[in-house]
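Working notes, beginning with the structure itself.
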Amino acid sequence: ETITQDSLAIKAKINAGYGIKDVSLYIDGDKMVSTNKDSLEYNYSVPSDKKSSNLRIRVEITDKNDHTESDEVIVKMNVL
C-alpha cells in the first residue's frame, strides 16, 4: 500500500506473557518513543526528505524476563 498523506498515526497493541518491561517504536532506525504500557500511539509527521521513500517502521518489545522481540513493516510513501 502507498501512503499519500504527510502524517501517520501509528498504533500498536502489545501482549507479553511475562509482562511488559519496554516497548519502543523506531522509524528508519531512529527511536521515536518508548513506553512500558500495553499499547503505543505515535503521530509521525513525514519529513520532506522521506516523502518519496520507503519507511521502515519497527516495534521492539522487551518483557520482564529481558526477552526481546520485534516486528516491522515497510511503508511506501508518495506524498505530493
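Here the structure is a predicted model, which is why all the values come from computation and not from measurement.
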In short, A16 meets I20 closest at the heavy-atom pair CB-CG1, 3.9 Å

**Transitive ILVMFWY side-chain link V23 to V33, under 4.5 Å** = yes

side-chain hydrogen bond (donor to acceptor under 3.5 Å, both in side chains) filter on E60, not counting sequence neighbours, yields R58

Residues pairing under salt bridge (charged side-chain N to carboxylate O under 4.0 Å, His left out) where one sits in residues 70-80, two or more places apart or in two chains, turn out to be R56-E72

Applying side-chain contact (heavy atoms from CB on, under 4.5 Å) to I3 and not counting sequence neighbours gives L8, V75, M77

The side-chain hydrogen bond (donor to acceptor under 3.5 Å, both in side chains) partners of K51 (sequence neighbours excluded) come to none

| request: Indicate whether any N or O donor in one side chain lies under 3.5 Å from an N or O acceptor in the other, for S45 and S7. | output: no

side-chain contact (heavy atoms from CB on, under 4.5 Å) filter on N78, not counting sequence neighbours, yields T2, S52, L80

> So if you build clusters from Ile, Leu, Val, Met, Phe, Trp, Tyr with side-chain heavy-atom gaps below 4.5 Å, do V59 and I27 land together?
Replying inline: yes

Residues 28-38 vs salt bridge (charged side-chain N to carboxylate O under 4.0 Å, His left out), sequence neighbours excluded, gives K13-D38, D28-K50

With sequence neighbours left out, the residues meeting side-chain contact (heavy atoms from CB on, under 4.5 Å) with N65 are Y18, D63

With sequence neighbours left out, the residues meeting salt bridge (Lys or Arg N to Asp or Glu O under 4.0 Å) with D66 are K21

I14 and L40 have their tightest heavy-atom pair at CD1-N, 4.2 Å

In this structure, CD1 of I57 is separated from OH of Y44 (nearest 0.5 Å) by 8.0 Å

Contacts of K11 meeting salt bridge (Lys or Arg N to Asp or Glu O under 4.0 Å) (sequence neighbours excluded), chain-then-number -> none

Hits for side-chain hydrogen bond (donor to acceptor under 3.5 Å, both in side chains) against S34, two or more places apart or cross-chain, chain-then-number order -> D22, S24

OG (S70) and CG (L25) are apart, to the nearest 0.5 Å, by 12.0 Å

- Item | Any I10 side-chain heavy atom under 4.5 Å of N43 side chain | no

